[in-house]
Protein chains: 2
Amino acid sequence: MRDVVKAFKALSDKTRLRILNLLLEKECCVCEVMQTLGISQTSASRNLSALYDAGFLKLRKNGLWSLYSIDQEGMKEYFPDLINAVRKALEGNEVVAMDREHLKKAERIGPGCARQPS
Amino acid sequence: MRDVVKAFKALSDKTRLRILNLLLEKECCVCEVMQTLGISQTSASRNLSALYDAGFLKLRKNGLWSLYSIDQEGMKEYFPDLINAVRKALEGNEVVAMDREHLKKAERIGPGCARQPS
DNA sequence: AAAATACAACCGTATATGCGCATATAAGGA
DNA sequence: TCCTTATATGCGCATATACGGTTGTATTTT
């Protein structure tokens, strides 16, 4: 029960929904998220952690990068319809659509952040 | 977007998930909820309101009773998969199963509360 | 070795949320 | 009209949460 509450709590925040929206597009490192959404590194890191702790994300480390992505398998096991619910809840939203546009450009922005991990 | 956040926020509370579980069984008045879950009238009323404001419930007044139930149509329109996600997230949970048992008995408990509205 | 980079953890503060108590409202009946 | 019942709401308190700034740690680059 606590896990269910935690899961919904993780989803009940605008920033975290925007992050989830990015990750529905592709795997991202912390600084891609922070640049794309225009939030602080602190905020990006903390909110990614919250989504991770709630069981929505998986983490892959590659050198300096912490690469977060949707944990498709975990989601299907514990919250079968939830990821779809989120996707549909966000579709058509303006902010979220703009974020997706920004994400495309963010790949080349910043001091080395969006370089491909070697 | 604010609506989506509000919806998930409404779901990110143990009491409200338990209430939703009861309403998945049947339409309930405030005092059935408060008795079944063993919470205060204030808490029952306010948490039902929160779920109502988030768009999950519909309200039918009958005499003194405020009868809340799942707004199936509204849910399908705005959050197509969410009600299923909630249902599956709660299934197998002990507290929630016990609540459903208590609900059956609650119909005859209390000073006139669970009498059928005239 | 030193500097730069990516990220996480800690700290203080502002705001949000949940709860109980008391009270208000609203409907029905004597 | 007064009383009871069912529900809603204002208020204050305790706690939770979000955020920015700073610091710490690990890794890569120079």
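If you're wondering where the values come from, they're calculated on a predicted model, not measured in any experiment. Letters A, B, ... are given to chains in the order of the sequence lines, protein chains preceding strands, and every chain is numbered from 1.
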Below 4.0 Å: OP1/OP2 of dA27(C) and any side-chain N or O of Lys61(B): no
For atom CG of Leu67(A) and atom C1' of dA8(C), their distance in whole Å: 15 Å
Atom pair distance, as rounded to whole Å: CG in Asp53(B) and P in dA16(C): 17 Å
Phosphate OP1/OP2 of dT7(D): any Tyr52(B) side-chain N/O under 4.0 Å: no
Spacing of CZ belonging to Phe56(B) relative to CD1 belonging to Ile83(B), to within rounding of 0.5 Å: 7.0 Å
Length of the line joining Lys14(B):NZ and dC19(C):P, which is rounded to integer Å: 11 Å
Along DNA chain D (nearest heavy atom to each residue), the more 5'-positioned of Ser12(A) and Gln41(A): Ser12(A)
Protein-nucleotide distance (Asn62(B), atom CG; dT5(D), atom P), rounded to Å: 19 Å
Distance in angstrom units between Gln35(B) CD and dT7(D) P, rounded: 10 Å
Residue from Ile70(A), Asp13(A), Leu20(A) passing side chain to side chain contact (heavy atoms under 4.5 Å, CB included) with Leu51(A): Leu20(A)
Flag, side chain of Asn21(B) to backbone of Val96(B), donor-acceptor distance under 3.5 Å: yes
Residue-phosphate contact under 4.0 Å: Ser40(B) side-chain N/O, dC19(C) OP1/OP2: no
Phosphate OP1/OP2 of dC19(C): any Thr15(B) side-chain N/O under 4.0 Å: yes
dC19(D) OP1/OP2 closer than 4.0 Å to side-chain N/O of Asn47(A): yes
Interatomic distance, Leu59(A) CG vs dC7(C) P [rounded to whole Å]: 10 Å
Value rounded to 0.5 Å, distance of NZ in Lys58(B) from CZ in Arg60(B): 9.5 Å
Ser45(A) side-chain N/O to dA8(C) phosphate OP1/OP2 under 4.0 Å: yes
Under-4.0 Å side-chain N/O to phosphate OP1/OP2 contact, Thr42(A) with dG20(D): no
Close side-chain approach of Tyr78(B) and Asp3(B), heavy atoms under 4.5 Å: no
Tyr68(B), nearest nucleotide to its side chain (from dC19(D), dA6(D), dA8(D)): dA8(D)
Nearest-nucleotide 5' precedence on DNA chain C, Arg46(A) against Leu64(A): Leu64(A)
Interatomic distance where CH2 belongs to Trp65(A) and C1' belongs to dA8(C) [whole Å]: 17 Å
Given dG18(C), dC10(C), dC7(C), the nucleotide with the shortest approach to the side chain of Arg16(B): dG18(C)
5'-most by nearest nucleotide on DNA chain D - Ile39(A) or Lys9(A): Lys9(A)
Sugar-phosphate, base or nothing in reach of Ser49(B), heavy atoms under 4.0 Å: nothing
For atom CG of Leu48(B) and atom P of dA6(D), their distance in whole Å: 16 Å
Heavy-atom pair with the smallest gap, counting every atom of Phe79(A) and Ala89(B): CD2-CB, 4.2 Å
Phosphate OP1/OP2 of dA8(D) contacted by Ser66(B) side-chain N/O (<4.0 Å): yes
